Amino acid sequence: MLLIACPHCGNRPETEFRCGGQAHIARPTDPAALDDAAWSEHLFVRANPRGVHAERWCHVHGCGRWFNALRDTVSDRFIETYPAGAEPSRSPDLQTRA
Amino acid sequence: MRRFSLSSLLSESLRGHQGWGRQWRDPQPKPAYDVVIVGGGGHGLATAYYLATVHGITNVAVLEKGWIGGGNTGRNTTIIRSNYLYDESAALYEHALKLWEGLSQELNYNVMFSQRGVLMLAHNIHDVQSFKRHVYANRLNGIDNEWLSKEECKAFCPPIDISGTLRYPVLGGALQRRAGTARHDAVAWGYARGADARGVDIIQNCEVKGIRRDASGAAIGVETTRGYIGAGRIGVVAAGHTSTVMAMADVRMPLESYPLQALVSEPVKPVFPCVVMSNAVHAYISQSDKGELVIGAGTDQYTSYSQQGGLHITTHTLDAICEVFPQFTRMRMLRSWGGIVDVTPDRSPIIGKTPVPNLFVNCGWGTGGFKATPGSGHVFAHTLAKAEPHPINAPFTLDRFRTGRLIDEAAAAAVAH
Amino acid sequence: MAQPFRLSRGGRIDRTRPIRFTFNGRDVHGFQGDTVASALLAEGRHLVGRSFKYHRPRGILSHGSDEPSALLSVDRGPGRIDPNNRASVVEARDGLKTRSQNHWPSLEHDIGAVNDLLSPVFVAGFYYKTFMWPRKFWDKVYEPFIRAAAGLGKAPTEADPDRYANRHAHCDVLVVGAGPAGLAAALAAARTGKRVILADEQAEPGGALLHETRAEIDGRPASDWLAATLADLDARENVILLSRTTVFGYYNHNHVAMAERVTDHLPNASGTAPRERLWQVRAAEVVLAGGSHERPLVFADNDRPGILLAESVRVFVNRYGVAPGRRIVFATSGASAYTAALDAKAAGLHVALVDLRPEADCGPELRQLRAAGVEVLTGHTVIGSKGAKRVTGLLVAPVGSDGRCGGHRLLPCDCVGMSGGWTPAVHLFSQSRGKLVYDAELDAFVPGTSAQAERSAGSAKGTYDLAACLGEGYAAGAAAAGSAERRAFTATPTATGFLPVRAMPTDANPTKIRAFVDFQNDVTAKDIKLAVREGFHSIEHVKRYTTTGMATDQGKTSNMNALGIVAGQLDKALPGVGTTTFRPPYTPVTFGALVGPARHALFDPIRTTPIHGWAEAHGALFENVALWRRAWYFPKPGEDMHAAVARECAAVREGVGIFDASTLGKIEIVGPDAAEFMNRLYINPWLKLEPGRCRYGLMLKEDGYILDDGVVARVAPDCFHVTTTTGGAARVLAHMEDYLQTEWPDLQVFLTSTTEQWAVIALQGPKARAVIAPLVEGIDLSPEAFPHMAMRTGTICGVPIRLFRVSFTGELGFEINVPADQARAVWEAVYAAGEPYGITPYGTETMHVLRAEKGYIIVGQETDGTVTPDDVGLAGMIAKAKKDFVGKRSLSRPDVVAAGRKQLVGLVTEDPKRVLDEGAQIVADTDQPIPMTMLGHVTSSYWSPNCGRSIAMALVADGRALQGSTLHVTTPEGFISVTVVDPVFLDPKGERINA
Amino acid sequence: MLEARYRTARALPLARTALPEGQRSGILIQPAVAEGRFSLRVRDPAAAAGGLPLDRPINTLAGDDRCWIARLGPDEWLIGTAEAEADHRAAAVAADLAGRAHALVDVSHRNVGIDVSGARAAVALNAGCPLDLGEAAFPAGSATRTLLGKAEIVLIRRPGDAPRYRVECWRSFATYVHGFLTEAALGAGPEGRVRPQ
């Protein structure tokens, strides 16, 4: 069970959270303007890096707030957590790590 | 290839088994192959085997970064069934099941395919409706599946509690009698031995680090820890690592890789005759030939390559097992482990072409790929040989996520109301 | 009370407290403090089991949790029988009934031992090479035979009467293992005042100090130091000291799992105490001081009962006052066995020692042992053992530096203590994903780079000298607690060092002998060599092919020997073969401990409504819907479900029915941007809905498929009362919060779940208004003032309500939203007021029938996560003017607009009495070959009392165009014909709603 | 008439009897009486509303047993009051927040309270609650939403030195939560002693 630092509540056990997958995918402001391929990309294609991943978490059984995290998917170590809408202090290496 | 048989075994036993040679060679990589398969799991090895046996393409290499069968092939709970709802999935998994039925003889390697039956328990009215939908659809697709009353469930699998006092009482079940389990390692080894005997090079400890493309963008070879290897066609069959490998060719995949855990109990004398799955309480269980209860847990909620999940996933699974089988609380967990499963948005696999010429992919099997191993290898071999999908894998394209023609078994089965 | 092998003095047993239990039905006597193993040995019993494959006679190998062979079934009373207990771990107590396993008809005479004769055939992996012909024989003959032969003990068959507990705990320093290093670590950490947990798997903390009769620490006997240290720790409030507690799992972020055995050792446990407790500890720092395991020697027939690990001989002598034999030969390749020999000699036993090491390589221990009068043969190998069900002699021979063996010599004995060196217990470190490194000096893998906040100390990291262990432990504990304190200990030097040996040199034909590596799984050195010959070179492959290390001891005694043999075969250094990754658990853990209290009523919450008690009292049967238990139907005496539902249906259509709809999800959506928020989430328009009016809303996931539906009332310009499906409540709220917080944080909207604030009493039927009219105040119920799809606030029976005029039946209907704690009283008042009108309680089944008669869909029944609004005929709800809403873009994907999608239709059977199966499949042509083309499936199907016939709804490919045509539907007996119709079966103009 | 009926005669889901075991085990489990409760949501709040502070840190409690306010998140509070003053208090909060976008939703009947006290109360809670309930991590005056077994709860530690906790859950979970705590008290028996028994 991971230990996750909620930006509002501090370190809390993973069971209080829900993971929302890759972060920083903004919903297109005009979905109708996207062709099928671009819309499919928005809906389905995800970074799946072996390494640092920016992802969304919700402290659903806590303060109820969504926030973002950088986590290394190899070690499962959190590098940082930060509020929704904010940018991480370091940019996630969105390239997959070989 | 030295044939395995009772007589060869007996004659070897008289001379201390000194005559058995390697089951597959340990070749140096050649500069180039007609086909290079990235990933030496069951699916990759089966692909190589069928390339050689069905299509006569033997100038093939299987590149495995560790040891063959060391990924999800050797880490799953070995359930084999074909009672899928949609025509596309049913055809694919039934194709595999038919190959399973003759696989030991085909490979001359006992993969211990055991048709003990898979019983899926219904715990609420929604389950009943959903399972009957499966039963009817399967029958019209020529796949055996039958509805059992709860008393028939109990008769088929005596450890089941049908007293009605459970939190979610058993209302009945859907039974596929031809379904069952197999010995996972043997599948990898059997395919490896068969492919090797026909000239396929199985190269272990060889990690792919890059995919080389020519000016037109077509894939022409792979950079590996053992040097560059040219390839006429490349088939990526890397399960949880598919996103990483495909990124080497700048292809982004609709995949996420999750930890999936499983566990076994200490071995006991035969007590559990079949496979039981219970979607409502999230449990599945069987007993191995060795006597261990084999129990599958769920995925963790986050992507990870650690092959390690949380304890709460295990405890939730055992909650469910002990709810349906309360007599097992005194059994002990002997070993637990994790795999990395690659999951697509509709939880069905992707088998076919990619936007990169000469690069093909077979991935997205999620939590259920083992059962498809022979069928997956068979149709992917066809795809690689012909550069066109086999009719069975034609619907499982990457493009379906654009068109919306998804094959979403889970959505069809599990919506509460 | 004959205990012929009990020494007259010594040991930590309490000789004033005799105990008695049984083994295979015969009484065994022992003392408080014995394990089952030590008590059996005191009786002179070595044969206690049969091996997994060859059914070889097996005895007790070890004194601890690494025991591979002595596995017993233990019976602690009715329902408390379980298999595969290690005799060396089970504490002896009055009343236990123990039995040996895996034999028939008896332990002494086991038919299965015929496998031993067939062992030349039954080599590693033999089953992959045979049992393939004839094909059908696998399922019917071979596999049942293999299964019956495999397995160890018998699984429990009865429900377990014991209780299991769970405890989450946090500490600053968790110390694993209360041996010298762990105790010193705990002491150092405790002195800082930090929260410390010290857990040890044994009944008594102390580890190796419990059998240390020779050494002194800081000038006093080790046992005195132990007692003083424990007293010190016990007195500190910041320390939790747990015995009988195995740390078995090291998970992410220092989440450590431990199993505490609370009552198994007590003859009369309190009725409520749990049997076991799972501790889930989140530790800031962990000190791993779990000790090390001794390696057996690999030589021919090294598995005979009476052959133990050397240190275990020492433990039985010193800690339990038991002689495992009177004439003991120690066979070793290292120094520690000399101490065991000294202690055995001191206990008055006949002792000899054989050391593989040449004389020159031995340390001071050699001189010391010879001085004690013990014959020591250095430079000797073990060729094999003699005996059958008990060792009677050890065959040894001198061995030269070239590996050639000299003349054999038989050393008669009734016990052998063997030692092939030591392996640090790095399991937990490896589980933490720390990197192991091979230390050639120690011939062992030891902790290298850490992945988590932990450190190892003592023999768990290859430090074997007592004083060094203490100092290292102390430093580790202090550092873990953030202190720089160090302490030096003085202690009697420990005899350490060994010559790594994989298999003992022998002059025998290696293909003719069996030298066991994995005792439980019967894996021999030649099995491992065979695997290597066949190309299995990774240790993981060897493990899987031979099953070495896969038994219940998970290779604690066998792993290094197996690894060494593989390396030797491949002529590689040990690390080149790789090491296995250790996985939880360290030792087997009961499912019960892992499940804890989550059994029976606590498995999953059973949610019930405030009306539940009333429904129970009125004979309702219930169905599970998500976590809820809902009233299904209310049979009267003698009625079956069909009759009850028919009566309930008729009552609603003709009079009035009362229904508990409390489980519907409810969300209060409040804020100036509430309407805009609704507009973005639902497919239909909300901006112009007037306060006091309701609208049926449909929402999609972003992929365009229906997520949920429900009636929504606008309470005020900035307030909506949203309802969801029962099962969808949490999902919908989460969906809304996600969009609100992450996509539209600028919207001023707040979401509050009111599912359980409001109970919902539905009154449906032409007489509904008449029933509630006398009870309602503050609301004009007239059709003009309170039309269909309106909502008003007022009171009923004086209780404030939100009264909805809505209908899920097609009848005049009201849904009374009433505060939950007053719902039962209101329900009863309404019911009383309705009695003159024949008010009838109805359940979910009738609700389903009534809505199906009207063609209303249920999300999750007509839809399944792949269904769009158009598929169920609701495309008309989509607000044309809205540029966007969640899911809109996906509705124009090519396959979603293509022809051939499955559309909602009604079906009627030719035989009106025939009710279709829900889930039945539909075809156009029954003569087509299999696989058939399926057009769709039946989503809902009922006997409709009001239509006087069966009705069904179905999703059928291009179904709306097929109205009037005949299709064919599966039944258990074959196909039957149906006609496609409009899915509204009753009152198609919707007039009844305005009754 | 309206208020009188709403605020009286509430049929609570749990009987109010405390478990007889409580004294012996050091864990007293007592379902609470009917109380008023409100969920308050407001962004950029004023320092106080209705006499209740809104500017305290997240996961803390203010007020007393009769009227308390727990800050559960950056823009979320749970207010508890004695039944008699509930409507008055709610009106006062609403009045003070008039003009600010906010939601004040009556959840008096949604929530059920269970008081857990006694020397070993935290041990019983930790049977299902994964939080660190030690003095430093969860001192008196703490309040948070969390889990107890498979149910979501709000856990409050009342002011004062003695361990007094309030567990709040949704109404339909009350039977489970109460049953869980009862079982936890039975399973919380003293952990293993050092010496063999």
Side-chain angles (χ1 to χ4, degrees), chain B residues 4 6 9 13 16-17 20 22-24 67 70 104-105 109-110 114-115 124-125 129 132-133 136-137 140-142 167-168 185-186 266-271 289-291 310-311 314-315 318-319 322-323 326-337 403-405 408 411-412 415-417, chain C residues 82 84 120-121 123 128-132 139 143 146-147 150-152 154-157 159-160 251 257 511 530 534-535 538 541 544 552 583-584 588-592 594-595 598 603-604 624 626 725 727 858 860-861 864-866 893-896 917-921 930-932 934 937 970:
Chain B
F4 290 157
L6 182 59
L9 184 66
S13 69
H17 298 274
W20 298 119
R22 299 188 59 111
Q23 296 195 0
W24 57 87
W67 34 281
S104 291
Q105 290 70 28
Y109 208 103
N110 190 350
S114 171
Q115 294 182 291
N124 56 47
I125 294 164
Q129 183 202 0
K132 286 193 171 175
R133 186 178 168 197
Y136 283 122
L140 297 188
N141 268 324
R167 170 67 180 84
Y168 300 104
D185 295 324
E266 295 181 335
V268 287
K269 291 293 177 193
V271 64
D289 282 347
K290 202 171 170 230
L311 174 63
T314 306
T315 59
L318 288 173
D319 290 358
C322 292
E323 173 63 13
Q327 65 272 37
F328 288 153
T329 46
R330 297 181 89 87
M331 293 289 291
R332 297 188 196 89
M333 174 170 83
L334 170 60
R335 192 166 63 242
S336 68
W337 64 91
T403 65
R405 193 174 184 78
D408 198 335
V415 179
H417 52 88
Chain C
D82 44 89
N84 304 346
V121 183
V123 292
Y128 299 127
K129 296 181 175 129
T130 183
F131 298 137
M132 287 180 273
D139 285 339
E143 192 183 38
I146 290 172
R147 283 182 172 248
L152 289 164
K154 293 190 178 115
T157 53
D160 184 351
Y251 296 88
T511 70
L530 171 63
E534 292 195 85
S538 154
H541 272 163
R544 286 157 181 267
T552 62
R583 301 278 182 186
V589 183
T590 63
F591 290 1
L594 292 162
V595 170
F603 166 61
D604 246 2
N624 285 306
T725 59
I858 288 182
Q861 181 143 359
D864 67 3
T866 65
R893 288 188 291 165
D895 197 64
V896 177
D917 265 357
E918 289 174 348
Q921 296 288 331
I930 280 176
M932 291 193 179
M934 287 171 256
H937 75 285
T970 56

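These numbers come from the heavy atoms of this one structure, side chains and all, not from hydrogens, waters or symmetry mates. For clarity, every value in this text was computed on a predicted model and none was experimentally measured.
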Heavy atoms only: give me the nearest [X]-[Y] pair and the separation to one decimal.
{"X": "C:Tyr251", "Y": "C:Pro584", "result": "OH-CB, 3.4 Å"}
{"X": "B:Gln23", "Y": "B:Tyr109", "result": "OE1-OH, 2.7 Å"}
{"X": "B:Phe328", "Y": "C:Phe591", "result": "O-CD2, 3.3 Å"}
{"X": "C:Asn84", "Y": "C:Leu152", "result": "OD1-CB, 3.3 Å"}

message: For B:Arg22, I'd like to know if atom CZ has over 12 heavy atoms of other residues, nucleotides or ligands within 6.0 Å.
response: yes

Given the options [options], which has more heavy-atom pairs under 4.5 Å with chain C than any of the others?
{"options": "B:Thr315, B:Asp185, B:Asp319", "result": "B:Asp319"}
{"options": "B:Tyr168, B:Trp24, B:Trp337", "result": "B:Tyr168"}
{"options": "B:Lys290, B:Arg330, B:Arg335", "result": "B:Arg330"}
{"options": "B:Leu311, B:Leu6, B:Val271, B:Thr314", "result": "B:Leu311"}

Between [X] and chain B, with a heavy-atom cut-off of 4.5 Å, which part of the residue counts as in contact: side chain, backbone, both or neither?
{"X": "C:Thr552", "answer": "both"}
{"X": "C:Asp917", "answer": "side chain"}
{"X": "C:His937", "answer": "side chain"}
{"X": "C:Asn624", "answer": "both"}
{"X": "C:Leu530", "answer": "side chain"}

message: If I measure from the heavy atoms of chain C, does B:Gln115 come under 4.5 Å with its side chain, its backbone, both, or neither?
response: both

- prompt: Can you say whether B:Leu9 sits under 4.5 Å from chain C via the side chain, the backbone, both, or neither, judging by heavy atoms?
  reply: side chain

- prompt: Is any side-chain heavy atom of B:Ser13 less than 4.5 Å from a side-chain heavy atom of C:Val123?
  reply: no

